[in-house]
Amino acid sequence: MIRSMTAFATRSGQHGPRATVWEIRGVNGKGLDLRLRLPEGVEGLETRLRSAAAKRLARGNVTVVLRFHDMAEAGGLSLDAGALDVALAALTETERRADAAGLTLAPSTAAQVLALRGLLETGGAPVANAEDAPALEAEFDALLGDFVAMREAEGAALGRVIADQLDRIAARVTQAEDTLGARAGAIAEAHRAALVRVTDQAGQVAPERIAQELALVAVRLDVTEEIDRLHAHVAAARELLAQGSPVGRKLDFLAQEFMREANTLCSKAQNADLTAVGLDLKTVIDQMREQIQNVE
């Protein structure tokens, strides 16, 4: 199955008096961009986690955060007196300037002052150590499993949407084929009329000359190759969906080829019905490209 690059997962663990909380989130990206925010203390942990992630992830901007919490010290708070003095001085100056400008400010409460960043401090943040490495790597492996599972769940829904859009594209390509017969007759008649107008003497236009001009027009406006390639692209895209991730880059390239053929079809149309089909085709292809951007 294909996988989405958008996913989120969390994990927690216990290391004696300390608890760990893991978070991993991913969004779409051209390649694999892995950003790790880890506590200090375990030499080589980041390298090993990157290696483990690269084995299971192919694309996406992925952020991993690991936090340690010391359960024994939880709830211990201390007031930074210096920061409080600075905050109170700033409040006093603000009120003075507001009064000078004729403005009346609502009085600040103690709770609002204490909510300012940096006034209340917790005890020293717990850090990891070398003995934690095996457990941390096991937790990360489980976290990756949850993350990949969510990618697959999102990818299943994404795959159904893309498959439906491919069906719609195939139907419109077939519809374009169905217009070609009527289009050929209309174009031939229009060019015969144009030749008559140019010469102003229809009887003096040699039938061979008319046939030659119509043959040149037919070659210039032939869309058979574009339609054949669109059918081939639909088949190739369906094979990639069945193959499963990582196929995002290939699907993205194929979507560009879809649009190239649809643009050429529209430029050669010379027919209102075929132009309408071509524009509708471009709309569906563009919608499909938006979905493909999120495929791993």
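The figures here come from the full heavy-atom set of this structure, side chains too, leaving out hydrogens, waters and symmetry mates.
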Does [X] come within less than 4.0 Å of [Y], counting only side-chain N to carboxylate O?
| X | Y | answer |
| --- | --- | --- |
| E261 | R229 | yes |
| K282 | D280 | no |
| D167 | R238 | yes |

Just verifying a value: how many Å separate [X] [atom1] and [Y] [atom2], rounded to the nearest 0.5 Å?
| X | Y | atom1 | atom2 | result |
| --- | --- | --- | --- | --- |
| T174 | I227 | OG1 | CD1 | 9.0 Å |
| I285 | F258 | CD1 | CZ | 6.5 Å |
| F140 | L36 | CZ | CG | 6.0 Å |

Donor-acceptor pair, distance only, cut-off 3.5 Å: does the side chain of [X] make one with the backbone of [Y]?
| X | Y | value |
| --- | --- | --- |
| R249 | K30 | yes |
| N263 | M259 | yes |
| S245 | I2 | no |
| S51 | R48 | no |
| R50 | L34 | yes |
| T20 | G13 | yes |
| N61 | N28 | yes |
| R172 | R168 | yes |
| R59 | V295 | yes |

- Take R151 and E296, measure what salt bridge (charged side-chain N to carboxylate O under 4.0 Å, His left out) needs, and give me the verdict at the end. CA-CA 9 Å; R151 276 188 159 195; E296 183 184 28; 2.9 Å; yes
- Message: Going by ring-ring contact (aromatic ring centres under 6.0 Å, His included), name the pairs with one or both residues in residues 259-296, residues two or more places apart or in two chains.
- Response: none
- Task: May I ask you to test the R11-D146 pair for a side-chain heavy-atom distance under 4.5 Å?
- Result: yes
- Between N294 and T6, is any side-chain donor less than 3.5 angstrom from a side-chain acceptor? yes
- Please check if atom CD in E93 has more than 12 non-hydrogen atoms from other residues, nucleotides or ligands closer than 6.0 Å. yes
- Task: With salt bridge (charged side-chain N to carboxylate O under 4.0 Å, His left out) as the test, would you mind laying out the steps for D252 and K250 before giving the verdict?
- Result: CA-CA 5 Å; D252 187 50; K250 293 179 181 179; over 6 Å; no
